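Heads up: the structure comes next, in structure tokens.
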Amino acid sequence: MATRARRTSFPEVVIERDTDTEESSDEEEVEDDVAELNDPEEEEELEEEEEVEKEEVKGKEAINDKKGKSPITISLKKVCKVCKRTGHQAGFQGATYIDCPMKPCFLCKMPGHTTVSCPHRAAMEFGVIPASRKRTHNSLDYVFERQMRHRVPSIKPAFVIPDEVNCAVIRYHSRRVTCLEFHPTNNNILLSGDKKGQLGVWDFNKVHEKTVYGNIHSCLLNNMKFSPANDGTIYAASSDGTVSCTDLETGLSTSLMDLNPNGWQGGNTWRMLYGMDLNAEKGLVLVADNFGFVHLVDVRSNSKKGDSILIHKKGTKVVGLHCNPVQPDLLLSCGNDHFARLWDIRRLEAESSLHGLPHTRVVNSAYFSPLSGSKIVTTSIDNRIRVWDSIFGNLDTPSREIVHSHDFNRHLTPFRAEWDPKDPSESLVVVGRYISENYNGAALHPIDFIDISTGQLVAEVMDPNITTISPVNKLHPRDDVLASGSSRSLFIWRPKEKSEIVQEKEDRKIVVCDRKNSKKLGDGSDNDDDSGDDDFLGKKGKNLKSKSKKPNIVIAPCNSKKKKKS
DNA sequence: AGATTATGGTACC
DNA sequence: TGGTACCCCTAATC
């Protein structure tokens with residue numbers, strides 16, 4: 001009897017209990033918990049066999065009678081960790097993640113297939129909603145065509161994407177990186193904020209040097225912007241409820257606003273600041289909080305201007321603010337109420353938004369295009385990047401939706417698709433990817449370059465040594481430099497001088513850091529021949545996993561023990 | 001080496 | 001409407 005044979009190979013664990021209460025429900029729980037102790041060999045033999053379970057219960061009862069106590073019978077049946085059912089297993093097989101077939105696709109959220117067979121994964125542009133023909137030619141469109149369209153070249157030049165890049169590693173932050181900002185005039189300076197509220201100032205040509213300001217904020221530095229009037233000054237908004245204005249040379253900081261003047265009064269009243277932008281024309285700092293309000297601060301008087309205004313659903317986080325680069329009165333906000341909203345700063349009142357851009361989930365970010373300001377790109381945790389064309393057109397629906405994996409919102413900084421400020425056609429966007437791909441046996445999370453006009457994945461950047469996810473990415477305003485924040489580390493990617501196409505797949509270019517010279521992942525035995533003459537990893541990628549070896553480039557985190565060493 | 005944890009959004013009642 | 005259980009590819013720490 002086949003069933004019998006299986007049953008005998010089916011291990012059974014009986015645990016005695018001191019008390020006998022609620023046997024049946026307890027049993028089930030323990031079954032799940034201990035299920036993973038099962039031996040791989042035995043798992044294979046075990047398909048779902050309800051009979052087996054019944055027999056076990058009988059056996060348990062027999063023991064029960066004998067001892068007068070209620071033991072727990074644990075069937076070591078392998079269950080899917082996602083749906084708790086047997087017969088399949090979700091999880092990594094090597095570097096490939098196998099989805100639970102009982103759930104909708106993890107990538108596009110549609111039922112009927114899994115991520116592996118998702119059409120959006122096979123070819124990203126496949127499932128893109130094409131730009132609809134908008135009804136046009138109202139007076140505003142005329143204005144748009146006259147005043148702004150000329151800024152956008154009619155013929156889109158080819159993207160300049162390097163075939164291979166060098167990667168410098170700056171490992172400093174003691175908590176995950178939350179935001180990055182390039183210096184507006186000094187090409188080598190990058191600022192980074194972290195979850196602890198610390199502000200790092202980096203010259204990425206001298207990555208051994210570090211300047212870190214740890215006393216500006218006490219928790220998450222959510223957004224920062226350089227002062228348009230003075231590029232030695234940076235404004236930052238933090239979850240500690242304050243807006244800071246910091247001199248980069250001295251590190252001296254003033255607080256422009258404090259939403260928690262009475263300190264901690266409990267989680268229900270603590271206000272946090274998320275979205276922030278500056279309006280140079282009006283001399284304003286605009287910040288938004290976790291209760292749905294925007295606050296305006298006059299930078300000249302350093303004082304709050306007017307009352308706070310409810311711009312999103314009351315009690316929800318407003319995570320992004322952006323002033324239009326061409327029309328500074330035009331403000332874009334986005335938040336956890338599933339909306340991005342357009343506002344006229346001159347008439348900023350509750351319920352008076354010019355447009356509401358509906359999303360199905362939380363909107364992580366919303367940005368105007370950097371040159372003309374005529375496009376909006378939003379990132380939502382429904383795994384879609386949306387493009388909204390023409391700020392004067394119909395904004396009830398996006399002109400394009402691009403399925404892209406970035407829906408992880410716990411433990412990671414939220415993903416935000418950001419424009420390439422150098423792209424004259426305003427169509428290149430960079431965004432980190434959550435879901436991993438199997439690259440030669442390593443599960444890597446690339447940083448994607450997406451052409452939002454076609455939905456195509458133009459390039460994906462990764463390094464075999466960087467196995468963490470990079471949710472924070474920023475493209476340099478003038479140079480071919482990409483800065484990434486991944487967990488506690490920063491990465492600076494620059495094109496390699498001598499290019500050689502590593503791999504081309506259809507139209508997608510895979511940009512790998514030092515692929516040829518990189519060692520396999522996992523072995524910490526890095527034969528460190530010290531190519532430390534260069535600040536960049538010209539010879540080989542640094543193995544972030546090896547803690548024992550002194551890394552070439554890496555700066556030790558400045559927390560606790562390692563700090564002493566340096 | 002495996003458990004723990006920091007955490008935020010959502011679904012469901 | 002609030003309370004809370006739940007959650008699929010984390011990453012660092014002990």
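Reminder, nothing fancy here: chain letters follow the sequence lines and each chain counts from 1. This one's a predicted model, so the numbers in the text were calculated from it and none came from an experiment.
Residue A/H445 has no polar side-chain atom (N or O) positioned under 4.0 Å from OP1 or OP2 of C/dT10. Phosphate contact (OP1/OP2 of B/dG9, side-chain N/O of A/N336, threshold under 4.0 Å): present. Phosphate proximity of B/dT5 to A/R176: absent, as no side-chain N or O sits under 4.0 Å from OP1 or OP2. Contact check, A/R488 against B/dA6: no side-chain N or O comes under 4.0 Å of OP1 or OP2. At the phosphate of B/dG9, OP1 or OP2 sits under 4.0 Å from a side-chain N or O atom of A/K317. The side chain of A/T115 places no N or O atom within less than 4.0 Å of a non-bridging phosphate oxygen (OP1 or OP2) of C/dC9.
Computed from coordinates, the A/Y434 OH to B/dG9 P distance equals 15 Å when rounded to whole Å. As rounded to whole Å, 13 Å separates atom P of B/dG8 from atom CG of A/N364. In this entry the distance linking CZ of A/F92 with C1' of C/dC9 reads 4 Å, nearest Å. Atoms CE (A/M462) and C1' (C/dC9) sit 16 Å apart, rounded to a whole Å. Summarising the geometry, the separation between NE2 on A/H359 and P on B/dT10 is reported as 13 Å, rounded to the nearest angstrom. Per the geometry, CZ belonging to A/F408 stands 13 Å off C1' belonging to C/dC6, to the nearest Å. Atom pair A/D407:CG and B/dA11:C1' shows a separation of 16 Å (rounding to whole Å applied). As a whole-Å value, the separation of A/F415 CZ from B/dG8 C1' is 14 Å.
Contact annotation for A/I469: backbone-only contact, meaning every heavy-atom pair under 4.0 Å involves sugar-phosphate atoms and none involves a base. Across all strands shown, A/K103 has heavy atoms under 4.0 Å from base atoms, whether or not it also approaches the sugar-phosphate. Using a 4.0 Å heavy-atom criterion, one finds that A/S436 contacts the bases of the nucleic acid, with or without backbone contacts as well. Using a 4.0 Å heavy-atom distance criterion, A/P104 is classed as a base contact.
Remark: A/R488 fails to qualify as a cation-pi partner of A/Y172 under the 6.0 Å distance and 45° angle criteria applied to the six-membered ring. For the pair A/R271 and A/F293, the distance from NZ or CZ to the six-membered ring centre is under 6.0 Å and the angle to the ring normal is within 45 degrees. A/F106 carries A/K109 over the face of its six-membered ring, with the cationic atom under 6.0 Å from the centre and within 45° of the normal.
Distance noted for atom P between C/dC14 and B/dT7: 15 Å (whole Å). For the C1' atom pair drawn from B/dT10 and C/dA11, the interatomic distance equals 23 Å after rounding to whole Å. Going from the C1' atom of C/dC9 to that of B/dA11 covers 22 Å, rounded to whole Å.
Side-chain atoms of A/H411 come within donor-acceptor range of the base of B/dA6, with a qualifying N/O pair under 3.5 Å.
Nearest nucleotide to the side chain of A/L412, out of C/dC8, C/dT10, B/dT10: C/dT10. Residue A/K195 places its side chain closer to B/dA6 than to any other of C/dA11, B/dA6, B/dG9. In the set C/dC8, B/dT10, B/dG8, the nucleotide with an atom closest to the side chain of A/R410 is B/dG8.
Applying the 5.5 angstrom centroid cut-off and the 30 degree plane-angle cut-off, the aromatic ring of A/F106 is stacked upon the base of C/dC8.
For A/H359 and A/W388, the ring centers are positioned less than 6.0 Å apart. Taking the centre of each ring, A/H406 and A/Y434 stay at or above the 6.0 Å mark.
At a threshold of 4.5 Å between non-hydrogen side-chain atoms, the residues A/D289 and A/H295 count as touching.
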